[in-house]
Number of protein chains: 2
Amino acid sequence: MALEHAILVSLAERSASGYDLARRFDASIGHFWKASHQQIYKVLGRMEGDGWVTSEVVPQDGRPDKKVYVITDVGREELARFTTTSTPVEPLRSAFAVKLRALPFGDADAIRQDVRVRRSAHEQQLAYYAESAARFYPDPDHLADDELGGWLVLRGGILAEEAGIAWCDEILQRLAER
Amino acid sequence: MALEHAILVSLAERSASGYDLARRFDASIGHFWKASHQQIYKVLGRMEGDGWVTSEVVPQDGRPDKKVYVITDVGREELARFTTTSTPVEPLRSAFAVKLRALPFGDADAIRQDVRVRRSAHEQQLAYYAESAARFYPDPDHLADDELGGWLVLRGGILAEEAGIAWCDEILQRLAER
DNA sequence: TCGTGCATGTAACTTGTTACATGATTAT
DNA sequence: ATAATCATGTAACAAGTTACATGCACGA
């Protein structure tokens with residue numbers, strides 16, 4: 001139920017085609033909400049039916065036409081309403097934790113290797129977030145109103161990656177003792 | 001694709017009925033993998049078809065019959081194989097982050113309130129994990145082989161909750177400045 | 001008698017993934 | 001030639017949620 005709202009946020013920031021949105025969902029927004037272009041087109045159709053967005057076909061030269069979606073007043077109201085609903089803490093669903101519990105029934109070396117891979121993935125993501133923070137928010141103590149949300153989301157990502165790395169380190173230490 | 005494996009882990013630890021599993025998925029395993037009883041029954045059926053588990057109807061008195069599921073050798077092999085596959089870091093999908101990005105288009109007071117609720121949920125969960133750790137692993141420096149996985153998963157939960165609390169605190173501080 | 005626990009399921013629906021399809025332009 | 005980018009979709013499937021259904025036992 002929240003892909004709609006992620007799209008509304010994105011369109012409220014700037015109107016876009018389904019294709020544009022798909023690229024945004026590969027980058028900025030995609031850090032906390034993934035969506036494939038297929039899913040985006042599907043949901044956009046429903047949102048247009050609900051009157052949350054309108055679309056206009058824009059011809060281009062040397063490129064296929066694009067359908068640019070614009071948020072409507074109804075869409076803005078829906079987005080405002082969404083901010084007043086409570087968002088339950090999303091339950092974590094971790095295949096990695098399942099694997100840890102499977103330790104006595106499986107291959108400890110393979111798991112150790114997987115933890116290392118996982119740790120470096122966290123490191124990479126952290127580096128990416130740090131770079132984004134430095135580039136887009138060079139002065140985090142003086143943020144404009146429309147920058148605060150993005151900054152806070154980035155901070156959340158950074159804290160999560162740091163926690164992930166700390167977890168991997170604990171696991172590796174414990175597994176090394178055996 | 002991993003509910004199967006979560007069930008295999010649980011059955012490898014101890015045979016159980018669908019109902020028993022559903023309760024485990026409300027507690028211990030449920031901390032990192034939620035599943036409804038409907039979903040569990042559905043998947044158990046498939047797993048039996050695949051030969052990963054077998055079942056036996058056990059009559060009880062004063063209670064309905066139960067169908068006890070036991071992991072097979074094929075199931076144990078599958079579980080071991082699972083530990084050798086790589087588990088990609090699960091992308092985070094956070095409606096809460098969407099809401100933060102919606103800050104300029106919504107109700108800051110309502111969001112502030114939601115953060116407070118979220119923070120206390122993290123606190124509660126952390127307290128619960130801490131209590132579980134103290135009760136089930138009173139001596140974490142000397143863990144048996146079959147305890148290590150459970151301990152590490154608990155540690156992951158604790159680190160995640162602590163990071164969640166730290167995030168909420170940062171958000172509240174930033175929102176208070178406005 | 002009314003709710004809770006025990007125990008197992010089916011059916012309908014929503015959400016998301018994977019595979020497939022089309023077709024022009026531009027760069028290697 | 002061939003791959004990548006732009007641009008929009010359909011179809012089939014997998015996974016998960018919500019609602020519904022049944023029925024006994026036990027305690028308040």
Side-chain angles (χ1 to χ4, degrees), chain A residues 1-8 10-11 15-27 29-30 32-50 53-69 87-88 90-95 98, chain B residues 1-8 10-11 15-27 29-30 32-50 53-69 87-88 90-95 98:
Chain A
M1 263 304 114
L3 175 54
E4 279 89 335
H5 298 112
I7 289 177
L8 282 180
S10 199
L11 290 180
S15 298
S17 67
Y19 187 84
D20 296 332
L21 284 170
R23 277 186 309 172
R24 293 187 197 167
F25 276 81
D26 268 346
I29 311 170
F32 53 91
W33 202 280
K34 300 278 173 213
S36 62
H37 69 103
Q38 294 93 329
Q39 183 70 5
I40 288 166
Y41 286 123
K42 205 191 287 183
V43 170
L44 275 173
R46 187 166 62 220
M47 289 170 74
E48 190 165 20
D50 290 341
V53 297
T54 51
S55 67
E56 200 187 337
V57 176
V58 176
Q60 303 180 106
D61 43 77
R63 288 180 183 189
D65 295 354
K66 63 158 84 179
K67 227 164 131 184
V68 174
Y69 288 88
T87 44
E90 31 279 307
L92 51 94
R93 177 160 276 214
S94 169
V98 172
Chain B
M1 259 308 113
L3 175 54
E4 278 88 336
H5 298 112
I7 290 175
L8 282 180
S10 198
L11 290 180
S15 298
S17 66
Y19 188 85
D20 296 332
L21 285 170
R23 277 186 310 170
R24 292 186 200 169
F25 275 81
D26 268 346
I29 310 168
F32 53 91
W33 202 280
K34 301 279 173 212
S36 62
H37 69 103
Q38 293 93 328
Q39 184 69 7
I40 289 167
Y41 285 124
K42 206 190 287 183
V43 171
L44 275 174
R46 187 166 61 221
M47 290 169 73
E48 191 165 20
D50 290 341
V53 298
T54 51
S55 67
E56 199 189 338
V57 176
V58 177
Q60 303 181 107
D61 41 79
R63 287 181 186 187
D65 295 354
K66 64 157 82 178
K67 226 162 131 183
V68 174
Y69 287 88
T87 44
E90 32 281 304
L92 51 92
R93 178 159 273 215
S94 170
V98 173

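This structure is a prediction, so every number in the text was calculated from the model and none was measured. Naming: A, B, ... by sequence-line order, numbering from 1 per chain.
Residues A:Val43 and A:Arg46 form a side-chain contact, since some pair of their non-hydrogen atoms from C-beta on lies under 4.5 Å apart. Residues A:Val53 and A:Ile7 fail the side-chain proximity criterion, which asks for heavy atoms closer than 4.5 Å. No side-chain heavy atom of A:Glu90 sits under 4.5 Å from any side-chain heavy atom of B:Leu92.
With respect to B:Arg23 and B:Asp26, no salt bridge is recorded, no charged nitrogen being found less than 4.0 Å from a carboxylate O.
Of all heavy-atom pairs between B:Leu11 and B:Arg24, the closest is N-NH1, 4.4 Å.
Closest-nucleotide positions on DNA chain C for A:Val43 and A:Pro64 were compared, and the one nearer the 5' end corresponds to A:Val43. The residue among A:Asp61 and A:Ala35 whose nearest nucleotide of DNA chain C is located toward the 5' end is A:Ala35. Sequence order on DNA chain D of the closest nucleotides to A:Lys67 and A:Lys42 puts A:Lys67 first from the 5' end. When each of B:Arg63 and B:Ser36 is assigned the nucleotide of DNA chain D bearing its nearest heavy atom, the one mapping closer to the 5' terminus is B:Ser36.
Summarising the geometry, the separation between CG on A:Asp65 and P on D:dG9 is reported as 11 Å, rounded to the nearest angstrom. What separates CD of B:Glu48 from C1' of C:dG9 is a distance of 14 Å, to the nearest Å. As a whole-Å value, the separation of A:Ile40 CD1 from D:dC6 C1' is 15 Å. Atoms CD (B:Gln60) and P (C:dG5) sit 17 Å apart, rounded to a whole Å. Here the P atom of nucleotide C:dG5 and the CG atom of B:Asp26 are 12 Å apart, to the nearest Å.
Among the nucleotides C:dT17, D:dT8, C:dA7, the one closest to the side chain of B:Asp20 is C:dA7. Distance from the side chain of B:Gln39 is smallest for D:dT17 among the nucleotides C:dG16, D:dA7, D:dT17. Nearest nucleotide to the B:Arg93 side chain, out of D:dG9, C:dG9, C:dG16: C:dG16. Listed nucleotides D:dA7, C:dT15, D:dT17 differ in distance to A:Lys66; the shortest reach to its side chain belongs to D:dA7.
Residue B:Arg46 has a polar side-chain atom (N or O) positioned under 4.0 Å from OP1 or OP2 of D:dA15. When the side-chain nitrogen and oxygen atoms of B:Tyr19 are compared with OP1 and OP2 of C:dT8, none of them lie within a distance under 4.0 Å. For the OP1/OP2 pair of C:dG9 and a distance below 4.0 Å, the side-chain nitrogens and oxygens of B:Tyr41 include no atom meeting the criterion.
Within 4.0 Å (heavy atoms only), B:Gln38 reaches at least one base atom of the nucleic acid.
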